[in-house]
Number of protein chains: 2
Amino acid sequence: MEEFAALSGISRPTLSKYFHDPESVRPSTRNRIEEALSKHDYRPNIYAVNQNRRMTKNIGVIVPYLADPFFAEIARNLERRVIDAGYSPVLFSSHGDRNQEKDILDTLRSQKPAGVLMAPLGRNSDRSYIEAFCADVPTVLFDSNLEGLGEAFVGSDNFSFVSQSVQYLHSTGEPPCFLEMANPANPNAHKRRRAYLASMEALDLEPEVLSVPGEGWGFEEIGYQAGLDLLTRRALPTDTVLCSNDRLAIGFLAACYECGVRVGKTGGCDLRVAGHDGHPFSRYTSPSLTTVAHDYDAVSNHSVETLFTVIENGGHLPDRAETLYPARLILRMSA
Amino acid sequence: MEEFAALSGISRPTLSKYFHDPESVRPSTRNRIEEALSKHDYRPNIYAVNQNRRMTKNIGVIVPYLADPFFAEIARNLERRVIDAGYSPVLFSSHGDRNQEKDILDTLRSQKPAGVLMAPLGRNSDRSYIEAFCADVPTVLFDSNLEGLGEAFVGSDNFSFVSQSVQYLHSTGEPPCFLEMANPANPNAHKRRRAYLASMEALDLEPEVLSVPGEGWGFEEIGYQAGLDLLTRRALPTDTVLCSNDRLAIGFLAACYECGVRVGKTGGCDLRVAGHDGHPFSRYTSPSLTTVAHDYDAVSNHSVETLFTVIENGGHLPDRAETLYPARLILRMSA
DNA sequence: ACAAAATTTTTACGCGCGTAAAGTTTTGTC
DNA sequence: GACAAAACTTTACGCGCGTAAAAATTTTGT
C-alpha cells in the first residue's frame, strides 16, 4: 500500500479511507485513485485489513443440509443479496450433524464476521452453544426458529402452509391424513402437525396423523419406506395424503408408483398426495406434486435486511422480532 | 498470546510453534500448553496468523451449481476430507454464471488458500482467467476438465458411463437413442455424445442423437420440454431413450408421465429411459431411474489427495495427471 | 558424570494496514 | 477576498502474531 501510495501520489491514510468506503473521499481524489488502480492493480491484504478492524465484511451463512435443494436455493438467494450489499458471504452446511454445526460456529466466531444468517438444525442443535455464539456475533435465524435465540427470526408461517393445503384438499375431496416423521429433526415439522390438527378441527374433521419411523435427513427414503409399508398393509385411513414436506412426498410417490397405486386428482386415480415447501423438484415428480411453497424471495430478502439492521444497530435489536411469511398454494396434478 | 504465555508459563515463540504444529514441541511442553489451554481457552487470531504466513490452511472448493444435488453431494465429501486433513474448506458455488466464477477466483486469490479444488463451469468458463489463477494458486480440477489447466484433473470416465449403458440397453432391448442438450454448459456432455457414437458404432448399430434446445442449468425443465415435444410429435426413433444425464432424464420422465407413456423395462411398457450420473434423487423417480453412477468416493478422495500432493510438492507437479474413474451401472425399473 | 544435541527462553524486528493527531491544502460561502 | 469547514498529508503508533538470532536450559547418549 505504501508503494501504491507513492505511485498514485496519494497518501496512505487516504487510500485506507478509500478502500474502506470509496464514497468517503472527494470525487477528484477517488478518480485519481481509481485511475492508478487500473494501472497497477493493487489489492489490500484482507488479513491485515481484518486484523485491524473489529468486524470484517464477512457474513456467515449456515444451512443445516446443503444437499437439500431447498436449502441450496435459499443459500443462493442469500449469497446474492449479501454480495449486493457489499459483503462477502461465507457458506457452511451442518450436514445434519450436531457437532458439525458447533464446529462451524467455532470457525465462524474466529472469523469475526459482521453477522451470521443461520438456519439451525433445530431439535438437534446445541441450544446453549448457539446461545453463547449469538452473544458474541450478531445472528439472525431463519427457516427454523429456536425460541429466544438470535436477534431475530425470519421464516415461513407453518400454519399458513397447512391450513391452505388442508382447506384445499377438503374442499375438493376427502379430507387428508397427515404423513410425518415420528422424530423429525426440524421444529417446523412439529408446528406443521399442530397446524394440521388445528385446521382439521376448525373444519370439524377428524384428524389422522401418520407418524412414521426414520432418522436423519434422508427424507425421500423415509417417505418411500413409509409408503411401501402403508400401501402394502392397506393402512391408509383416507384417499388423500398430506405430507409434512415435499421430500417425504417425493419418496411416498415413488412407493405409490411401485405399488401400482395411481396418484392424482383426476378420475380413475386411487390416491391424492400433496406436500409442503415448494421443493425445486416437486414440479418433476410423476405426477407433478401439488404443494405449498415458501416465499423464498421474501424470506431471504427480509433475513438479509434484518441482519443489516442489526449490524447498523451495533449488533443488537431492542426486541427480538419474529417475521413469518405466508405460503403459496401450487396446484399440480397429484392432488 | 502474550498474556496466555504468561499465564501458561510458556514462552510466546514456543506457543507459536505449537499452534503451527503441535508435534513440533516436546511432549511435556505440549501437555503443559494443552492443560493451560483447557483453562483459559485462548485461540490465535486467524487474521494475524494468516498475515504472517505465506499460505493459509484454507482449501477453496468451487462447484458450478450447488443447487444440483450431485454437486452438493460431492462438496460434502470434499469438505469432510479436507477437514480430516486439518484444513478448512471454503465453499463456493458459481451458480452457473461465468462472472460469478471469476469473482470467486478473485475472492479466493486474496485469501491465499493453500490450494483449490475446482469444478469449472466448463464451456462457459473464462479459460484465460482460470489459467492466470492456476498460476498463482495450486489448483486441482475435478468433474469437468479444462485441457491443460490446473495441476491435475480428477473425474469420471465418460466413456465408461456411456458404453455400459449402451451395451446394457442393447443387450436387453432396442438400442438407445441419445437425448442431450444442443448447447450443453458442461464439456462432459460432449464427451458423452462422442462415447455414445463410438459405442453404437462398436456394436454396429445406427446412432440417433436428439439434441434439444435450452440454455442454462435448469436441466429438468429442458428434459421435460423436450419430452413433451418429442412425445406429442411422436418423433422418437426408438423405444429406448438414453439421457446424457439424470436431470434431463428426470424431466423427460415427467413428460412421459403427463403424456401417458408408460416407462419401464417390464412388459406392457412403451418406453425405456436411462440416464447418467447416479443423481441422489434418481432412486425416487417414477419409475425409478436406471442410471450409471459416478464413483463419488473415489473422485472426491483422489481429488483431495492429489491436491495435498501438489501442496507438499510446493504447488506444482512434474506433469499434469488426468485420472478417470470408471462408473457403475445401477439397474432400476425405468430400463 | 559430562559433552553433545535438542529445546526453550529472551530479545527484537517486521508483516500490511487502521487510525489518531497535528499541520497543510482545498473547497465552499457571504 | 476573507474565513471556516472539509479534505488531505505527514508522522507515528499499534494490532497479534511469525520468526530469526543468541543465550540459557533441558534432555540425551555413553
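We name chains A, B, ... by the order of the sequence lines, and we start the count at 1 in each one.
Counting non-hydrogen atoms under 4.0 angstrom, A:Y18 reaches nothing in the nucleic acid. Counting any heavy atom pair closer than 4.0 Å across all strands shown, B:P13 reaches a base atom.
Checked by atom type and distance alone, the side chain of A:R123 never pairs as donor or acceptor with a backbone atom of A:N186 at under 3.5 Å.
Ranked by how close their nearest DNA chain C nucleotide is to the 5' end, A:E2 and A:S28 are led by A:E2. Comparing B:R26 and B:Q51, the nucleotide of DNA chain D nearest to each residue sits closer to the 5' end for B:Q51.
Distances were taken from every side-chain heavy atom of A:R12 (C-beta onward) to each of C:dG16, C:dT19, C:dT9; the shortest belongs to C:dT19. Between C:dC17, D:dG16, D:dC8, one nucleotide has an atom nearer to the side chain of A:V25 than all others, and that is D:dC8. Here D:dC17 is the nucleotide among D:dG16, D:dC17, C:dT19 with the atom lying nearest to any side-chain atom of B:P44. When the nucleotides D:dT9, D:dT19, C:dC17 are ranked by their closest atom to the side chain of A:S11, D:dT9 comes out on top.
Here D:dC17 presents its C1' atom at 7 Å from OH of B:Y42, a figure rounded to the nearest Å. One interatomic measurement links the two molecules: NZ of B:K112 to P of C:dG16, which rounds to 8 Å at whole-angstrom precision. Atom CG of A:N45 and atom P of D:dC15 are 18 Å apart (whole Å). Atom-to-atom, CZ of B:R53 to P of D:dG16 comes out at 18 Å; the value is rounded to the nearest Å. Summarising the geometry, the separation between OH on A:Y47 and P on C:dC17 is reported as 14 Å, rounded to the nearest angstrom. As rounded to whole Å, 15 Å separates atom P of D:dT27 from atom CZ of B:R30. Spacing between atom CD1 of B:I46 and atom P of C:dC15 amounts to 22 Å, rounded to whole angstrom units. For B:N52 and C:dC15, the CG to P distance is 10 Å, given to the nearest whole Å.
Partner of A:P44 under the side chain to side chain contact (heavy atoms under 4.5 Å, CB included) criterion, chosen from A:V49, A:L15, A:N50: A:V49.
Looking at B:R76 and B:E79, no side-chain N of the basic residue comes within less than 4.0 Å of a carboxylate O on the acidic one, giving no salt bridge. A salt bridge between B:E2 and B:R12 is present, with a side-chain N of the basic residue lying under 4.0 Å from a carboxylate O of the acidic one.
Taking 4.0 angstrom as the limit, A:T29 places none of its side-chain polar atoms (N or O) nearer than this to OP1 or OP2 of D:dA7. Dashed line: the shortest gap from a side-chain N or O of B:S16 to OP1 or OP2 of D:dG18 is under 4.0 Å. Residue A:T14 places no side-chain N or O under 4.0 Å from the OP1 or OP2 atom of D:dC8.
Heavy-atom minimum distance, B:P187 versus B:L121: CD-O, 4.3 Å.
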